[in-house]
Amino acid sequence: MKILAIETSCDETGLTILNAENKAGGFSFEVLANVLASQIKIHQPYGGVFPMLAKREHIRNLPILYKRVLEKAKIKEDEIDVIAVTSGPGLEPALWTGIVFAKELAEKLKVPLVPTNHMEGHIFSVFAQNKGEFTIPKIQFPALSLLISGGHTELVLMKDFLKYQIVGQTLDDAVGEAFDKAARMMDLPYPGGVVISKLAKEERKSKNKNPNELIKLPRPMMYSKNLDFSFSGLKTATLYLIRKLGTLDEDLKRQISLEFEEAVTETLVHKTQKATEKYGVKTLIVGGGVSANKYIKKGIEKALDKKINILFPGKGLSTDNSIMIGIAGYLQYIKKPTKFTYKTKIKANGNLKF
Ligand code: KG4
Ligand code: ZN
């Protein structure tokens, strides 16, 4: 079955056509075509995503990318069997653009329309590939997902396939947001996580013998009993530190980046480890833009019980994309096909939960 997936929840317009099959050995997918238009350059002057600009860009991109994805997949639009579109969470003006486009297309083609949870997409991104074929193997449950992105920081427990329960989450800022804000404070470009991790790596490599002793940041919520996170205190501490240091040269920026990345990593690792012990987790899935961070990845792999199967997304699949939306949408569709028609009621929900 051919599934068209549409993602417009934030600053990436993504369209994918997957050929999906429910085989005896599991679900198998083939990427027939995948196109993505990133708006990073457009939002960079604002140090974050500007929702109205994102909306305008999605509206402009969608018809162009739709034509391109069909051409690349070498199919006609009447070969599409199902349309999956992100309905949340995300920026509502941005989400609506994809939804309106998908709705009109579903009505025109008379094919089922599947509202898809962006975070469920991030979970399944660990099984995806940018091209070619891939399958979803049998997952050992209980599984846990650490979802870390610009909008979310949450621990999702999965006792069974497609059964989700949030067991920990941020009480304020998301971890990616904290990276982005810290970067902005140091006059570093958006998206902050990428540049902070690059500077931190340089600092780690340099084996600085004279680090500035003022550069110490808190490890938020390390000693709280629950599995929740908080990053706004770290953000404020970073702001005060920067004020105290006065003018920042490249050397100080590298040192702050290192300390910031370590503070974030220790917190994420600690809570994730605690959750795996509490629930006897057999599989850990890490997804979302921040999961591209190599230092965090190493920290998690080092700290967790070696018996746990740890899965990260492949290159280019940590950040937002529509391949993951195609997988999540297909799995929801196949669970109960009769639930979906071309008239499926669907609206943008910025705070969509599991
Ligand atoms: O999942 P995503 O593409 O969009 C949302 O759904 O939010 O995540 C974007 C976030 C940004 O905050 C960005 O700074 C962060 O992911 N990010 C990173 C890295 N690459 C992207 N954070 C830390 N280290 C990275 N290497
Ligand atoms: Zn995302």
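For clarity, every value in this text was computed on a predicted model and none was experimentally measured. Each ligand, and each atom within it, is numbered from 1 in the order the structure gives. Heavy atoms only: backbone and side chains are in, while hydrogens, waters and symmetry mates are out.
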For atom 4 (O) of ligand 1, what is the nearest protein heavy atom, given as residue, atom name and distance?
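In this structure, atom 4 (O) of ligand 1 has Asp320 OD2, 3.1 Å as its nearest protein heavy atom.
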Check ligand 1 against [X] and write out every atom of the ligand that is under 4.0 Å from a heavy-atom position of the residue.
{"X": "Ser197", "result": "26 (N)"}
{"X": "Pro191", "result": "13 (C), 14 (O)"}
{"X": "Gly150", "result": "5 (C), 7 (O), 8 (O), 9 (C), 10 (C), 12 (O)"}
{"X": "Gly151", "result": "7 (O)"}
{"X": "Gly176", "result": "12 (O)"}
{"X": "Gly192", "result": "14 (O)"}

Can you tell which part of [X] has a heavy atom less than 4.0 Å from ligand 1: side chain, backbone, both or neither?
{"X": "Asn293", "result": "both"}
{"X": "His118", "result": "side chain"}
{"X": "Lys294", "result": "neither"}

Show the nearest heavy-atom pair for residues Gly168 and Asp228, with the distance to one decimal.
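Heavy atoms of Gly168 and Asp228 come nearest at CA-OD1, 3.4 Å.
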Heavy atoms only: give me the nearest Gly350-Glu92 pair and the separation to one decimal.
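Closest approach of Gly350 to Glu92, heavy atoms only: N-OE2, 2.7 Å.
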Applying salt bridge (Lys or Arg N to Asp or Glu O under 4.0 Å) to Glu107 and Lys103, what does each step give before you reach the verdict?
CA-CA 6 Å; Glu107 262 176 52; Lys103 245 183 151 131; over 6 Å; no
Look at atom [atom1] of [X] and say whether more than 12 heavy atoms of other residues, nucleotides or ligands are closer to it than 6.0 Å.
{"X": "Asp160", "atom1": "CG", "result": "yes"}
{"X": "Lys274", "atom1": "NZ", "result": "yes"}
{"X": "Glu77", "atom1": "CD", "result": "yes"}

In Å, rounded to the nearest 0.5 Å, how long is the span from OG of Ser125 to CD1 of Ile325?
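Answer rounded to 0.5 Å: 9.5 Å.
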Would [X] count as being in polar contact with ligand 1, using the rule that some N or O on each side must be under 3.5 angstrom apart?
{"X": "Thr319", "value": "no"}
{"X": "Phe179", "value": "no"}
{"X": "Gly289", "value": "yes"}

Tell me which one of Ile285, Leu317, Ile136 satisfies side-chain contact (heavy atoms from CB on, under 4.5 Å) with Val126.
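So the option named by the test is Ile285.
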Name of the residue among Leu4, Ile346, Thr116 meeting side-chain contact (heavy atoms from CB on, under 4.5 Å) with Val85:
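The side-chain contact (heavy atoms from CB on, under 4.5 Å) with Val85 is passed solely by Ile346 among Leu4, Ile346, Thr116.
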Going by the closest heavy atom to atom 13 (C) of ligand 1, which one wins out of Ile296, Asp180, Ile196, Val290?
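Nearest heavy atom to atom 13 (C) of ligand 1 lies in Asp180.
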Considering only heavy atoms, which of Gly193, Ala200, Ser125 lies nearest to atom 22 (N) of ligand 1?
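Result: the heavy atom closest to atom 22 (N) of ligand 1 is in Gly193.
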If you measure from each heavy atom of Glu261 to ligand 1, is any distance below 4.0 Å?
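Glu261 does not count as a contact of ligand 1 under the 4.0 Å cut-off.
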Ligand 1 contacted by Cys10 (non-hydrogen, < 4.0 Å)
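Per 4.0 Å heavy-atom rule, Cys10 does not contact ligand 1.
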Establish, yes or no, whether a centroid distance under 6.0 Å links the rings of Phe101 and Tyr66.
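When the ring centroids of Phe101 and Tyr66 are compared, they turn out to be within the sub-6.0 Å range.
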Any non-hydrogen side-chain atom of Lys131 less than 4.5 Å from a side-chain atom of Asn34?
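Contact flag for Lys131/Asn34 side chains = no.
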Test of geometry: compute the angle OD1(Asp320)-the Zn ion (ligand 2)-NE2(His118) and round it to 10°.
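With the Zn ion (ligand 2) as the vertex, the angle is close to 90°.
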Write the atom name of the N, O or S atom in His122 that is nearest the Zn ion (ligand 2).
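Result for His122 and the Zn ion (ligand 2): NE2.
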Please identify which of these residues, Phe27, Phe29, Phe124, meets the ring-ring contact (aromatic ring centres under 6.0 Å, His included) condition with Phe134.
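One option only clears the test, and that one is Phe29.
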I'd like to know: is the Zn ion (ligand 2) within the 2.8 Å range of an N/O/S atom from His152, strictly under that distance?
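Checking the Zn ion (ligand 2) against His152, no N, O or S atom falls under 2.8 Å.
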